[in-house]
Amino acid sequence: MQNTPISLPVIDERARRRVHDDLAERVQGEVRFSRGDRMLYATDASIFQVEPIGVVIPASIADGIEAVRICAKHGSAILPRGGGTALAGQTVNEAVVIDFSAACRSIERIDAPRRRAVVESGVVLDQLNQALVPFGLMFGPDVATSSHATIGGMIGNNSAGANSILFGRTVEHVVALDVVLADGRALRLEEGASQSNADIAVLTQRVADVIRPLAGEIRKRFPKILRHTDGLNLDLMLAQIEASDPKRLEKVNLAHLFCGSEGTLGTTLRAEVSLVERPKVRGLAILGFESVEDALAPLLEMLATKPSAVELVDDMVIEMAKRNALYSRDVAVMPTPKSGRLGAVMYVQWFGASESEITSRMDDLARRIPSAPMARHMGAAQMEAAWRLRKAGEPLLHAVPGDRKPLTFVEDTAVDPARLAAFVRDFRAIVERHGSTAAYYAHASVGCLHIRPLVCAHDEQGLRMMQAIGSEVADLVVRYEGALSGEHGDGRVRSPLLTRVLGAELMEGIRRIKAIFDPKGLMNPGNLVAPDDPTLITSKLRVRPDDRQFVHAPADTQTFFRYDGEGGFDHALEQCNGAGLCRRLTPGGTMCPSFRVLKDEKQTTRGRANALRLAITGQLGHATASERWQDPFVQETLDLCLSCKACKTECPSNVDLSKLKAEYAAQAFWRRGRVPWRVRALGRVRSVNRLASAIWPVSDVLRRLAPVRVAVATALGFAPERSLPPVGPSLRRWMERRTSKRAGVEGPLTLEDRPTVLLMPDCFSQWSQPQVGRAAVELLEAFGYRVVLPHAGCCGRAAISCGMLAEAATVSAQTAQSLIDAMKREQAVALLGLEPSCVSAVKDDWLDLKMRVSQQDLQWLAARTWMAEEWIDLAWDRHPRRPRFMEPAEHVVLHAHCHQKALWGPTSHGLLRRIFGDRASVLQTGCCGMAGSFGFKAETYPLSQQIAQLDLLPKLAQSPESLVAAPGTSCRHQIHDGCGRTALHPVEIAVRAIDDRFSANASA
Ligand SMILES: Cc1cc2nc3c(=O)[nH]c(=O)nc-3n(C[C@H](O)[C@H](O)[C@H](O)COP(=O)(O)OP(=O)(O)OC[C@H]3O[C@@H](n4cnc5c(N)ncnc54)[C@H](O)[C@@H]3O)c2cc1C
Ligand code: SF4
Ligand code: SF4
């Protein structure tokens, strides 16, 4: 247990302040130098943590140039940054980080006839490729992080992707770069630039003077394989120098030297890139094998079918995917060998001109490898779903339980594919000699496998193991004439091993070339040109940033939630690996709504997870536990989290931020000894609903009066523009009256014959929108059930979301016990809910919340709880009877609730499809932006509106005539306020569609 704060390297505060003041005065974008802000940029997707001097988010390219010049003037180190997804630690440093990903995202020009595009460095790959769709073009290199990696970062790392047999690395697609050097000079680097620009002529000549004498060493040491990014691109430069007139050097393109330079030579401002034709047809075969060895054995047979990609996924990734709600769906459809053991999967992809061409390649593959079961995929949607598991391979590995984790340090080796199987055997032997195992995945086609040995980085022995394996693998790579880095770059983790691979002479050449562009050593210092010292690969680790003490959460923390599933609270804090999928902006998922609008690292799941980890482990400078749990900066990062639960599923590491956010708030309330009254009011929304319903219709009149709305808004801090939630007469009273009225008129099934279902007495369908509750009762009765509304209290959803966990634990326990007792007493076959966020409380939060009900009983209840419409669909063939539905006249579109999407999918769709057939569709929408009280509060109301505008409202505008189905009360409210349309709960739509002419005589 660590209770003393970690003392991080001291940076001269006066110097820092001077840089800050100058930047703040002259840069138009944001200048963030607070401890918290800096620490959010202290990590990337690597194992390292280095506190930067400060952070600048330039408002434009010109602003970026200004920032570089100011830093250089003060002699401050500079680190340009994109998505921060680098795996080798090249995106963290004691430097001023200049984040180009937020505002420098313009695609300036697309020249389709010449197949060229000009983009700012913060443009994300998927963003560019989407813009290129109408032209039938795309950018060739396809990193797995395409949804959030920037072109600047791809150039920095010389990235490549699955299809690199066809498209190679980024350097092969860079035509020209606009860069600014650390001395402030802005230059355009391109082939022949030395002929027209005196500065570039001098730089080119000096580079050539360094490289020419190294020609022999370069030929000897640089691997002759498609994928290598070790050091600088000396081999390419040599070829260009040798192809030029010795004096004019007209063929030399210094932009290509910058590719893979990891921000050590200068800052890329914009790039002119070449484009490739978008393949007309793609096809994917997935083959199942028992082991990695079995999968690699027929690699050359696979390559003989001329694929664009051959990708490996091993059993460790598959095992982790099975434990993830989202990715387990992908494993379920993987082809499995006859033995039933799925130990490895190979993805073989082809691009072609026609489907028949692809089919014949698939047939060829099946003939060549008859023993492996094979699944075939064609069509964009099918392919995307099939690739999802492979793309999540790396981050999924972070969920491996236990202290030993598959770490990123020798994960990027590349060798000739013909030697890959032998190389893997020798690599495995090294790892096993050190008493460990490894995970294997990625680009088999080009011999670039991501192999991650399982190491415990939390003790000295583990760190020594890393150093030893690192050194031995570097030597192995040399023996196989391969590369230590095939695409991820060298960064902090491989630069100290580079001398072993490239030799002292080439390393000296690299040092001299860096000095030509950056004589003062300001650009990303310590990367590429590090001392030859394997112990450096374990220096400044995230788990031991000061190289002395390992950081942990205080062992005596009494949490309100259980963290068994995460491997303990300590592990829950470390769960985010920084891969940055939560920075995705492209449609197709919900995570993370606030980032998608604000494009601010602070508003990513990663930013929040980092802030929490840093605060709780004492790295934000707090001395006491009380301060750690009440840090205003952490609070700032959490304020705009909508508790949508999307990260719990969509984050491959299952970071459950809504749970951590609630825990953090609860710990703060507990330490303060009180819950602020506004939070209390929101957490007890049930009492308000009950009261309003009791005085209905007076309450309904009141809520529509402007002065009442303003008064409530002022008291509770709501936005005055927001309409107040609806209110209605009590569902229970309606049911009591109705049952007595209908007694004895039950049709072919008597009341006693009917199986019983419990309707969850949530406050929305009981009091706020009882018409939804009434529709559910009528619908379930039409299916032949007796519906019981049990006497039970609140599920605790509002209290949980507000962080009132102590109160939630008490209230939820009482409710849970009442529901369990009622289920047993009534011999009910199911507990059916109408409000997804209440159902998610039962099925998700209750299982984690420490409350006085047995886990076994809670699990039992959760397994019997569904959304009403979901259950009607699932149990379709088992209902006592089924009503007939009318032929629908209109289309229906479903907007599913975030909790539903995150935890069990948009399952309301099933029943709608049964009624509406093809006229029912699911909208590909993310979060509606309402999220309980989030959309009401004055300070978050504008963001709530912007989130609604991301997907939901534009998608609804595309189907103006359709019925709108939305099971979430908040979503319906947002739709009403956002576009004036009335969305209905799916059970309301279903009950309206019952054909009454047949209902009375409907049979079992
Ligand atoms: C799960 C996962 C999968 C990955 N898969 C692949 C893959 O398939 N192929 C692959 O090649 N890589 C892969 N990577 C590594 C990484 O995502 C890519 O290298 C990516 O291109 C980096 O882009 P970024 O915007 O995140 O760059 P960053 O991480 O922000 O930066 C990367 C480097 O470029 C420099 N840089 C960034 N912007 C600039 C600029 N404007 N000027 C100068 N230098 C700059 C930085 O200083 C840093 O050294 C993967 C990483 C993860 C976590
Ligand atoms: S929160 Fe999840 S998706 Fe985001 S960086 Fe962390 S691990 Fe990746
Ligand atoms: S719960 Fe939703 S809003 Fe909060 S961090 Fe996760 S994805 Fe983002």
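Any value given below was found using the heavy atoms of this structure, including those in side chains, with hydrogens, waters and symmetry copies removed.
- Distance alone, capped at 3.5 Å, places no donor-acceptor pair between the Thr940 side chain and the Gly935 backbone.
- Using bins of under 30°, 30° to 60° and over 60° for the plane-to-plane angle, the ring pair Trp629/Tyr664 lands in the tilted bin.
- Taking the six-membered ring for Trp and thresholds of 30 and 60 degrees, Phe718 and Phe936 have ring planes inclined between 30 and 60 degrees apart.
- Rounded to the nearest 0.5 angstrom, Asp700 CG and Leu702 CG are separated by 9.0 Å.
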Checking Leu612 against Leu638 for the side-chain contact (heavy atoms from CB on, under 4.5 Å) test, could you report, in this order, the C-alpha distance in whole Å, the side-chain angles of both residues, the deciding distance, and whether it holds?
CA-CA 9 Å; Leu612 281 163; Leu638 297 179; 4.2 Å; yes

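- Heavy-atom minimum distance, Met867 versus Glu835: SD-C, 4.2 Å.
- Asp844 has no carboxylate O lying under 4.0 Å from a charged side-chain N of Lys659, or vice versa, which leaves the two without a salt bridge.
- The OG1 atom of Thr756 sits 11.5 Å away from atom CG of Leu780, with the distance rounded to the nearest 0.5 Å.
- With respect to Thr605, the side-chain contact (heavy atoms from CB on, under 4.5 Å) criterion is satisfied by exactly one of Ser594, Cys641, Cys647: Cys647.
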Please list, one pair per line, the donor and acceptor atoms closer than 3.5 Å that link side chains of residues 758-768 to other protein atoms, with sequence neighbours excluded.
residue : atom : partner : partner atom : Å
Asp762  : OD1  : Phe764  : N            : 2.9
Asp762  : OD1  : Ser765  : N            : 2.7
Asp762  : OD1  : Ser765  : OG           : 2.9
Asp762  : OD2  : Ser765  : OG           : 2.8
Gln766  : NE2  : Pro761  : O            : 2.9
Ser768  : OG   : Pro726  : O            : 2.9

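- Here Phe783 and Trp871 keep their ring centres 6.0 angstrom or further from each other.
- Side chains of His791 and Ser818: no donor on one and acceptor on the other come within 3.5 Å.
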Only pairs under 3.5 Å count here: list side-chain donor-acceptor contacts from residues 823-830, not counting sequence neighbours, and write none if there are none.
residue : atom : partner : partner atom : Å
Glu826  : OE1  : Arg786  : NH2          : 2.7

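- Here the closest non-hydrogen pair linking Cys644 and Ala902 is O-CB, 4.4 Å.
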